[in-house]
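Only a predicted model underlies this, so the values are computations on that prediction, with no experimental measurement involved.
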Amino acid sequence: EAKASFDPDLEIAMEVIQCRGSFMVPGDFELSYLFPSDFLNQGAKLALLGGTDHTSQPTANQFGMTAFWMNDRSTVGMWDAIRKRHTYALSNGKMALWVDVEGHPMGSVLSVADARFYVKVSSGRPLRRIGLIRNGEIISWTDLSGDAWQGIITDASPPEGSHWYT
């Protein structure tokens, strides 16, 4: 049985999307574990990254990318965004995504009784759905249409110590 271990001083980010699929969504891979959920469930705080592997095989995604929310468009600004976990991984198209909880941006560490996520997303391609993942489990999907959406996604009375990803 695979057991996840990590060194938080060395491992500040992890690839979660690539051309083969998403490591965050159960069912994309036939694994007994899911990266990075097994690390996150142990308390790791990681930036999520997307990448593209070179393959000649048919794949789930045409490409993977990493997006950064950063104040300074420089190498220093990029590393600052990774350390603050102000990144997101995406596939098959560019998009802008903003998520906050009670005014705290993505990557923040805070305690909440009821998690209310303000989400704003736009893309040059049609959006199909957005999911909320808590502790490695998909707890809700919101179907979308068009190229932009904003709204609130809630998780009432989550267990203490939860972590989420949209």
Single-linkage hydrophobic cluster Val109~Tyr118, side-chain heavy atoms < 4.5 angstrom: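 Result: no, two separate clusters.
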How long is the straight-line distance from [atom2] of [Y] back to [atom1] of [X], given to the nearest 0.5 Å?
X      : Y      : atom1 : atom2 : result
His86  : Met78  : NE2   : CE    : 15.0 Å
Leu48  : Leu90  : CG    : CG    : 11.5 Å
Met95  : Arg125 : CE    : CZ    : 9.5 Å
Ile130 : Trp141 : CD1   : CH2   : 9.0 Å
Thr142 : Leu132 : OG1   : CG    : 8.0 Å
Tyr88  : Leu97  : OH    : CG    : 5.5 Å

Heavy-atom closest contact ([X] atom, [Y] atom, distance):
X      : Y      : result
Pro158 : Ala115 : CD-N, 4.3 Å
Ile153 : Ser140 : CG2-OG, 4.0 Å
Arg85  : Lys45  : CD-C, 3.6 Å

Under 3.5 Å donor-acceptor, Asp143 side chain and Arg129 backbone: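 Judged by distance alone, no pair lies under 3.5 Å.
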Side chains of Ile12 and Ile82 in contact at under 4.5 Å (non-hydrogen atoms):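 In contact.
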Heavy-atom side-chain proximity of Ile139 to Ile133 below 4.5 angstrom: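 They are not in contact (no side-chain heavy atoms under 4.5 Å apart), so the answer is no.
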Qualifying side chain to side chain donor-acceptor pair (under 3.5 Å) pairs, either residue in residues 73-82, two or more places apart: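 For residues 73-82, and leaving out neighbouring residues, the side chain to side chain donor-acceptor pair (under 3.5 Å) pairs sorted by first residue read Asp72-Ser74, Asp80-Lys84.
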Can I get a per-line list of side-chain donor-acceptor pairs under 3.5 Å for residues 100-108, giving both atom names and the distance, sequence neighbours left out?
residue, atom, partner, partner atom, Å
Asp100, OD1, Gly103, N, 3.4
Asp100, OD2, Trp98, NE1, 3.0
Ser108, OG, Pro105, O, 2.6

Which residues share a side-chain contact (heavy atoms from CB on, under 4.5 Å) with Pro126, sequence neighbours left out: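 Pro126 satisfies side-chain contact (heavy atoms from CB on, under 4.5 Å) with no residue once adjacent residues are dropped.
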Set of side-chain contact (heavy atoms from CB on, under 4.5 Å) partners for Thr66, sequence neighbours left out: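 Residues passing side-chain contact (heavy atoms from CB on, under 4.5 Å) with Thr66: Leu49, Phe68, Thr87.
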Test side chain to side chain donor-acceptor pair (under 3.5 Å) applied to Ser122 - qualifying residues, sequence neighbours left out: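 Residues passing side chain to side chain donor-acceptor pair (under 3.5 Å) with Ser122: none at all.
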Where at least one partner belongs to residues 146-162, residue pairs that pass salt bridge (charged side-chain N to carboxylate O under 4.0 Å, His left out), sequence neighbours excluded: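 Output for this query lists Arg134-Asp155.
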